[in-house]
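Presented below is the structure to which this report refers.
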Amino acid sequence: APEVETPAAATTPEAAEISAPAKTVYLITMDKMDQHWVTVDAGAKAMADALGLNYKWDAPDVKDNAKQIEAVNNAVADKADLILLAANDPKAISEAVKNAKAKGVKIIYVDSAADEPAIATLSTNNYQAGALAGQTMVEELKASGKTSGKIGIISVNTATNSTMDRENGFRGVVEAAGYTILTTEYKDGDAAASQEAAYGFIAGNEDLVGLYGTNEGSTVGVGNAIKASGKSIIGIGFDKSDAILGLLKDGSLKAAMAQNPFTMGYLGVAQAYAALNDLSTGPAVIDTGVAILR
Amino acid sequence: MPEHLIELRGISKVFPGVRALDKVSFFLKAGEVHALVGENGAGKSTLMKIISGIYNRDEGEYLLNGDSVGDLTPKKAQELGIAIIHQELNMCQDLTVAENIFLGREISKLGCVCQKEMNRDAKEILNKLKIGIEPDTVLRKLPVSKQQMVEIAKALSTNARILIMDEPTSALTEREISELFDIIRTLKSNGCAIVYISHRLEELEHIADCVSIFRDGRHIVTKDFKDTDLNEIISYMVGREIKEKFPAVECQKGSKILEVKNLCSGIVNDVSFDLYQGEIIGLAGLIGAGRTELVRALFGAESITGGEIRLKGRKLNIRTPRDAIMEGIVLGPEDRKKEGLCTKLSIRENIGLANLDRICNKAGIVSRNKENRLAESAIDKLKIKTPSQEQLVNNLSGGNQQKIVVGKWLVRNAEVVIFDEPTRGIDVAAKVEIYNIMNDLKRQGIGVIFVSSEMPEVMGMSDRILVMCNGRITGDLISREATQDEILRCATKYNH
Amino acid sequence: MQKREYNFNGLLRQTVSIRGMGQVISVSVALIIMTIVFGIINPLFFSKDNMTNLLRQVVPIMIIGMGQSFVLITGGIDLSIGSVAGMSSMISATLMTTGHMNPWLAAFITIAACCAVGLINGFLVSRTKLPAFIATLGTMIIARGIAQLSNGNMNTDGIPEAAKAFKDLFYYGDTFGLYNPIWIGLILFIIFNFILSRTRTGRHTYAIGSNYEAAKLSGVNVILAETKVYIFSAFLAGIVGLMLTAQSGMGTMSAGTSYELNAVAASVIGGVSTMGGQGLLFGTVIGSFIWGVLNNGLQFAGAPLALRNLVIGVVVIISVLIDRVARSGKFDFRKALKSK
Amino acid sequence: MQKREYNFNGLLRQTVSIRGMGQVISVSVALIIMTIVFGIINPLFFSKDNMTNLLRQVVPIMIIGMGQSFVLITGGIDLSIGSVAGMSSMISATLMTTGHMNPWLAAFITIAACCAVGLINGFLVSRTKLPAFIATLGTMIIARGIAQLSNGNMNTDGIPEAAKAFKDLFYYGDTFGLYNPIWIGLILFIIFNFILSRTRTGRHTYAIGSNYEAAKLSGVNVILAETKVYIFSAFLAGIVGLMLTAQSGMGTMSAGTSYELNAVAASVIGGVSTMGGQGLLFGTVIGSFIWGVLNNGLQFAGAPLALRNLVIGVVVIISVLIDRVARSGKFDFRKALKSK
Ligand SMILES: Nc1ncnc2c1ncn2[C@@H]1O[C@H](COP(=O)(O)OP(=O)(O)OP(=O)(O)O)[C@@H](O)[C@H]1O
Ligand SMILES: Nc1ncnc2c1ncn2[C@@H]1O[C@H](COP(=O)(O)OP(=O)(O)OP(=O)(O)O)[C@@H](O)[C@H]1O
Ligand SMILES: [Mg+2]
Ligand SMILES: [Mg+2]
């Protein structure tokens, strides 16, 4: 396709001219349901208002590569100057991102980067976060005197890289510490289904010592299952939501890895402003880090 | 050139539970009209379906032009010059007339169908049949009788040497029937062989050369038509003499029960008449006259646009069949499969359905004992042939199904009972049983209205005959004094 | 013969009636075999824990399946029930959290809302005569939209401690050693099975599914009868929605996704005819158990997700084929291949 | 009279035939109005960028919609096409990546596999006489399972650079200023519209949907005719799957989820009857455009996701209601309300 050949640099200035006073910044997330994305949006909106940028949030109704690509195409057609993108899949979205850049649209990744290079990436390092969760799990188990046993993982699906990274990071640490990890159950982040799967783990393995959820939904499922079973099983999870805080409070979950979605959005738009006004955007990769909630 | 176009020897066909044909033999000569008669379920249609490749025979030998044929398909049969007009209308309502006529045999060049040619050829055939309809009209828009004519046109369009007509006239008007008979005669003179199935034995006199009689899947006799008469044929059909075809009973009529004043609904226009207790009114008329619409209107199944209905002098406000039933007016509808029965349900449930108000308590809970008794009494009253009341209606023969359509109402004491074509397509014996049911009602002092397209039956069974034409009542005759052509004259009084 | 008739009376005769019972029996056998197999693969499958859990897992699909069965028996289909369950989950949770409403009141209002959707479905199908598939496809999308709107396109926060009783009733609590949802499922089954098999409404349901016109001419108020079944299915979906809220302790916008098809599968496996006029709720119950045992058992057997889909898909098809055979008396595969 | 006959002949008469043309016209008007409204709300909606982009978005649903229409016209339904598209995406991508296969060969094999699924659907429906809904519900689950199995329950890696030509043909490239997928859609429309409106096969499609028995007795090879349409729909779903692969440059297991229902919606909006016997592919095209314009336009209008669902759901229902009215000639709402 011809537009791919045209160098990004060439078109950038004219793009700047077209978009008259207020420049348009798009946030495109994986979907619009998880509280996580809602918080990213909140952060982005806050900064956008502060800087007087014209800001829109779009996303597919469900996590889906094709739909996200169309969201990007639509944003380009809607004359976005810059897109904050949470790539549903690093490979899938790249071609669309390349085309967008060719049309003079600037790209910044939040939460999950794509393969195609961009101005900056603000995200949690999910592998490390997973490892951190693993360490927490091991500490908690040792603390409760369980030096061996089985651990069940409830994740979203094998197609979501962020959660796969969290799973693998966790797996490495925990297996190294001599625990056995069971076949992972993928429940698309559906709280109810995750909970059933967790029950499956608990009922199906007498020597189950720990359960790990890799996102909001799976974590809620894990917490609820442990709570209901009344067994002393260590639950570790991801993300911060009201339901999860509740489960932490009553001890059903021992810890949750909280990312900083607000920061992603907030700093993301700040970076965008810098990029749009040809100011320095600082480091190419910013780890927004995780906090361990207990 | 062998003597017979078709020779069938020792043909048998078994369906789950039924032996439809049992070692039947059948011979068809070129240039003859071979009538085929028999009670419902005698196996007529089944035999024809075997000839035309719809069913495959279980055993027996099938010779066509002298050489034996194996298993046929409808298409192969077509190619061998066999065409069949089916008992039930078999048309695609969404396709045009021409598309229907050429269905399965579309004229096409390089895989592309030639609409133009097909319309032209269709038009020719329709003209030959003197039917003034455009080949590109969608079938759905035609009245039933016209659709039947299209089906006939379709059969003729194949230029078949062997033409099978399975009750072609059951939905035709007198005029169309005579057109059809003309065509049959010309086909005959061109050396076509025609198998003609009908329950209207009177028709046979006009066309039949010879007649084969079937009973319970067996071939009884084949006779030259001139060597026999209807009574003999009937006795062969039912295996015994039927004393009186129309067992009319005399009983003096009571007080006025139903009063219809200037009723309008659909094509029904300004219809007025009275019905007395213990009286049977026959509604005569040609198809499309509006009889069904009239009775459906009385039953609340068609919306009434004008006029009033009084029951025992009280003005009724009937908006749904439910209302009518509550008032004691009931209808046995025209088409048993479409409107009459829940064929997937048992006899018990069908009878129960019409009488739920009587077998349910206040809370709407069904009493199975009451229901069983109800079903039993109905089965006994109507002499329904069935192993048990749990038999699915679907597995009953046409006549017995019709008895249920009629009978589900008899277990409740209605004031007015309406039958629409209660004897259409059922055999002589079953007919007589239905007539007896009507007479019972009459004796109980119930008012009976019955719609029929068979004049002898109307004249034989009813006390008074109302003739309809074009939605109007064009004749009100005392049946004792009425004559066929008088009725027919009223039935065709279009300019009113 | 009279005699034979009467021995068959009452509830017994009901269930032993020819219609669909063959299927029910054959699938029951299948269910037992499956259970044994899974038990052998992993003995813990039979553990009290897992069994009670399994029961609790099956209940939602069973309840929704019963609603779907009613609709299927009238010859219709209700695609909206999955979304309605989601809507129920979101509305109830929103009312309890941001609405600070008393859980029971919230539940009541929610169910009312769900029944309203059922009423709309009923209206569209029975009065405006839209094909059920389309009408409910529309409401399916709409109900999901409402689920998303109700809390401003966010899952709700955790429902307050005050709602503990609510949580216990609909999911966590137990009575006589069985979880409450199991009791709820049982009670609903008894009620709706009674409605279907013993009441006027039930007769009407079969009748309009078997022949709408004939039912009408037999004095059945077809509009009312047809509307009822859609209200039933929406009501039952609403109950399931409450269970989901109680289970997760929050409202999830995507809750109940594709339940409607699982419900069809459960019904059909249990011998309910998608052509209408035939089916027993008991069959639906067995059907949902097959569904549940497959999912749970395959996890215990450690089968990968992909495989589970294959198995379930095949089971659906096979079970309907069995049904065909059972009904047509025989099924000659070679004939099927030859037949023109 | 004859004269009138001839003016009406050929393609014109075909399309102006009663088979749902009324609906097609009314929705076309609706489409134009919608477009204008969205254009006013946000002028960029009319920008060349957005228009070409919109066209490209509509193509997949339009292609799958055409397949679904064929099936609907025979009175069936194909729930499996969404999963088949996903299967196609996964198989093709797996063959290109882990299989290191030439893209075109891979594409060919993939399409063959999809047609095989279609053949199975056709067999189940036409020969074993399973209700289409159930048979395809089963294959829907199975096909999704295959999609997941094909690359060991993982999405594939990015397809190699060698497949650039493939990517361009099926998604990114353009010809005469229009993206290639648009051309593909156009060509497929021309072909399949020709098949439906001008060939024997098309005639038989309408015939079996209108009256299966009659078609059979008229010597139509109903088994073949019915099988064909399921192969068509699977084939078209396969093409869409390839587009999805090209678009994402990889195979996605969840690709095509719920396309089958969108396809039904598009067909129905375009006046295809779910009762069979009626419908025009042109209507399906318009239907899919309404679908696409709604989604795209509502985004441009900045409407929240939830609202979009509401709107689309309502549109589906309204459009079928219009259809009803158009067909029954009139629709007296008050009567509908009163009628018992
Ligand atoms: N497809 C079928 N399946 C099962 N039984 C059948 C089938 N077709 C016909 N029968 C049975 O075979 C017998 C003969 O049926 P057939 O239709 O040939 O009778 P007929 O002489 O045509 O009766 P009618 O005068 O009512 O048309 C009947 O008992 C009927 O119930
Ligand atoms: N459902 C229908 N749709 C359209 N037209 C109909 C319908 N039913 C009847 N008609 C038309 O209304 C007129 C009256 O039909 P009706 O059935 O009442 O005639 P009929 O005297 O009962 O004849 P028969 O009952 O013997 O067919 C006919 O022109 C018929 O074509
Ligand atoms: Mg017959
Ligand atoms: Mg009539």
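Quick caveat, the model's predicted, so the values are computed rather than measured. Proteins get letters first, then strands, A, B, ... in listed order; numbering begins at 1 in each.
Applying the 6.0 Å contact sphere to OH of A:Tyr273 captures no more than 12 heavy atoms from other residues, nucleotides or ligands. Atom NZ of A:Lys56 has more than 12 neighbouring heavy atoms from other residues, nucleotides or ligands inside a 6.0 Å radius.
Neither the backbone nor the side chain of D:Thr175 comes within contact range of chain A; no heavy atoms are under 4.5 Å apart. In this structure, no portion of A:Pro90 lies under 4.5 Å from any heavy atom of chain D. Residue D:Lys48 does not touch chain A at all, counting heavy-atom pairs closer than 4.5 Å. Using a 4.5 Å cut-off between heavy atoms, A:Asp58 contacts chain D through its side chain alone, with no backbone atom that close. Neither the backbone nor the side chain of D:Phe45 comes within less than 4.5 Å of any heavy atom of chain A. The parts of D:Asn153 that come within reach of chain A are both its backbone and its side chain, each placing non-hydrogen atoms under 4.5 angstrom from that chain. Looking at A:Asp78, both its backbone and its side chain come within 4.5 Å of chain D, counting heavy atoms on both sides.
For chain A, the option among D:Leu244, D:Thr257, D:Asn42 with the highest count of heavy-atom pairs below 4.5 Å is D:Asn42. Interface check for chain A: of the options D:Gln148, D:Met154, D:Met51, the most heavy-atom pairs under 4.5 Å are formed by D:Met154. Contact count against chain A (heavy-atom pairs under 4.5 Å) is highest for D:Thr252 among D:Thr252, D:Asn309, D:Asn180, D:Asn295. In terms of heavy-atom pairs under 4.5 angstrom with chain D, the leader among A:Asp89, A:Asp188, A:Asp115, A:Val76 is A:Asp89.
A:Leu85 pairs with exactly one of A:Val110, A:Ile108, A:Val72 by the side-chain contact (heavy atoms from CB on, under 4.5 Å) rule, that one being A:Val72.
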Query raised in the report: Given the rule in the side-chain contact (heavy atoms from CB on, under 4.5 Å) test, do D:Phe189 and D:Val285 qualify, once you have shown the distances and angles that lead to the verdict?
Result: CA-CA 8 Å; D:Phe189 168 71; D:Val285 174; 3.6 Å; yes
Query raised in the report: Run the side chain to side chain donor-acceptor pair (under 3.5 Å) check on A:Thr184 and A:Ser155 step by step: do they pass?
Result: CA-CA 7 Å; A:Thr184 308; A:Ser155 186; over 6 Å; no
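Ionic pairing of D:Arg56 and A:Glu70 is not present here: no N-O contact between side-chain nitrogen and carboxylate oxygen is shorter than 4.0 angstrom.
No side-chain donor-acceptor contact under 3.5 Å links A:Thr163 and A:Asn215.
Figure legend: A:Arg166 and A:Tyr127 shown without cation-pi pairing, the cationic atom not lying both under 6.0 angstrom from the six-membered ring centre and within 45 degrees of its axis.
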